[in-house]
Amino acid sequence: MRKIEHLGIAVKDLEKSNELFKRLLGSERYKEEMVEGEGVKTSFFQIGETKIELLEATKEESPIAKFISKKSEGIHHIAFDVEDLESEMKRLKAQGFEILNEIPKEGADNKLVVFLHPKTTNGVLVELCQEKPIDA
Ligand SMILES: CC[C@H](C(=O)O)C(=O)SCCNC(=O)CCNC(=O)[C@H](O)C(C)(C)COP(=O)(O)OP(=O)(O)OC[C@H]1O[C@@H](n2cnc3c(N)ncnc32)[C@H](O)[C@@H]1OP(=O)(O)O
Ligand SMILES: [Co+2]
């Protein structure tokens, strides 16, 4: 794990939350991006070395919709930047962590991502992010 890549925050209304975080952080989001596969619309704020990712569900079956309906808006996951997903997955599996998707999937912000089940990470949903190679 090289650094915290982003903190994912589940929100009901991305526009409203963009404004709130702009006031809170004193800076604009640097991008908005849909991630069809996850049924989310995201916006990213850069904070020094790390980022805040706001996530709004775009469909009922999105994990974000389920999370908000069961809990509330708020911190949804922590994402770590990794050099090499395959070797990290191997290491973490050997350490007893449960990988949710064996095949890395398309993330936002030009990443390939893997998630670990929160029941194996002290109740914290963990995301591993690897920068996609330039020519990908
Ligand atoms: C990839 C695009 C973008 C990016 O950064 O690039 C994203 O970050 S997309 C983020 C949205 N996508 C995901 O979260 C994918 C991974 N998540 C999942 O596969 C599910 O949400 C899962 C498996 C974590 C939970 O799904 P499930 O259908 O099992 O929901 P339940 O409500 O039944 O939860 C079971 C159990 O887990 C606890 N839980 C659920 N979500 C979280 C969470 N975010 N943090 C901590 N714990 C969580 C929930 O409370 C249940 O616990 P229990 O003790 O059984 O009540
Ligand atoms: Co994320």
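The figures that follow rest on heavy atoms only: side chains count, while hydrogens, waters and symmetry mates do not. Ligands are counted one by one from 1 in listed order, and the atoms in each one are counted from 1 as well.
- Atom 43 (C) of ligand 1 lies below 4.0 Å from at least one non-hydrogen atom of the protein.
- In terms of heavy atoms, S43 sits closest to E32 at CB-CG, 3.6 Å.
- Of the protein's heavy atoms, at least one falls inside 4.0 Å of atom 8 (O) of ligand 1.
- By the neighbour-count criterion of 12 heavy atoms within 6.0 Å, atom CG of N122 is sparsely surrounded, having that number or fewer from other residues, nucleotides or ligands.
- For E38, the closest heavy-atom approach to ligand 1 falls below 4.0 Å.
- Under the 4.5 Å side-chain criterion, counting only non-hydrogen atoms from C-beta, L116 is in contact with I99.
- The closest protein non-hydrogen atom to atom 40 (C) of ligand 1 is P118 CG, 4.6 Å.
- At least one side-chain heavy atom of K51 sits under 4.5 Å from a side-chain heavy atom of E5.
- Look at H77 and the Co ion (ligand 2): an N/O/S atom of the residue is under 2.8 Å from the metal.
- Inside a 4.0 Å radius of atom 30 (O) of ligand 1 there is at least one protein heavy atom.
- Contact of the I52 side chain with the R29 side chain is not registered, since no non-hydrogen atoms from C-beta on lie closer than 4.5 Å.
- F45 and F21 have tilted rings, their planes meeting at an angle from 30° to 60° on a 0 to 90° scale.
- The nearest protein heavy atom to atom 11 (C) of ligand 1 is closer than 4.0 Å.
- Around CD1 of I4, the count of heavy atoms belonging to other residues, nucleotides or ligands within 6.0 Å does not exceed 12.
- Side chain to side chain, E53 and H77 meet the donor-acceptor criterion of an N or O pair below 3.5 Å.
- Counting protein heavy atoms only, atom 28 (O) of ligand 1 is closest to K66 NZ, 2.9 Å.
- Nearest N/O/S atom of E53 with respect to the Co ion (ligand 2) is recorded as OE1.
- Residue K71 holds the heavy atom nearest to atom 50 (O) of ligand 1 of all those in H117, H76, K70, K71.
- Between A108 and ligand 1, an N or O atom pair is found at a separation short of 3.5 Å.
- For atom 41 (N) of ligand 1, the nearest protein heavy atom (residue, atom name, distance) is F67 CD1, 4.0 Å.
- Side-chain atoms of V126 and I78, non-hydrogen and from C-beta on, do get closer than 4.5 Å to each other.
- None of the N, O or S atoms belonging to C129 lies under 2.8 Å away from the Co ion (ligand 2).
- For atom 16 (C) of ligand 1, the closest heavy atom belonging to the protein is F115 CG, 3.6 Å.
- Residue E127 counts as close to the Co ion (ligand 2), with an N, O or S atom under 2.8 Å.
- Within the 4.0 Å heavy-atom criterion, the part of H77 lying near ligand 1 is the side chain and not the backbone.
- Residue contacts with ligand 1, taken as heavy atom pairs separated by less than 4.0 Å, involve L100 solely via side-chain atoms from C-beta onward.
- The shortest contact between atom 21 (O) of ligand 1 and any protein heavy atom is with P63 CB, 3.6 Å.
- Using a 4.0 angstrom heavy-atom cutoff, A79 does not count as in contact with ligand 1.
- Closer than 4.0 Å to atom 54 (O) of ligand 1 lies none of the heavy atoms of the protein.
- No N or O atom of T42 sits closer than 3.5 Å to an N or O atom of ligand 1.
- Closest approach of G74 and F67 over heavy atoms only: O-CE2, 4.1 Å.
- Near V113, with a cut-off below 4.0 Å to any heavy atom, the atoms of ligand 1 are 1 (C).
- Nearest to atom 3 (C) of ligand 1 among the protein's heavy atoms is E53 OE2, 3.3 Å.
- When non-hydrogen atoms are compared, ligand 1 lies under 4.0 Å from the side chain of H6 (C-beta onward) but not from its backbone.
- Residue contacts with ligand 1: K105 is placed with no nitrogen or oxygen under 3.5 Å of a nitrogen or oxygen of the ligand (distance criterion only).
- In this pair, Y30 and F44 present their aromatic rings tilted. The plane angle is within the 30 to 60° band.
- Under the salt bridge (Lys or Arg N to Asp or Glu O under 4.0 Å) test applied with E38, the options K59, K66, K105 reduce to a single match, K105.
- Close approach to G107 involves these atoms of ligand 1, each under 4.0 Å from a residue heavy atom: 1 (C), 6 (O).
- Between D13 and E73, the shortest heavy-atom distance links the atoms N-OE2, 4.2 Å.
- In this structure, atom 14 (O) of ligand 1 has protein heavy atoms in its sub-4.0 angstrom surroundings.
- Counting heavy atoms of neighbouring residues, nucleotides and ligands inside a 6.0 Å radius, atom NZ of K31 exceeds 12 of them.
- Heavy atoms of D109 found under 4.0 angstrom from ligand 1: none, in either backbone or side chain.
- Residue-environment remark: CD1 (I75) stays at or below the threshold of 12 foreign heavy atoms within 6.0 Å.
- Ranking protein heavy atoms by distance to atom 46 (C) of ligand 1, first place goes to G123 O, 3.1 Å.
- No more than 12 heavy atoms of other residues, nucleotides or ligands lie within 6.0 Å of NZ in K90, so this atom counts as exposed by the packing criterion.
- Between the CD atom of Q46 and the NE2 atom of H6 there is a distance of 12.0 Å, given to the nearest 0.5 Å.
- The closest protein non-hydrogen atom to atom 17 (N) of ligand 1 is L125 CD2, 4.0 Å.
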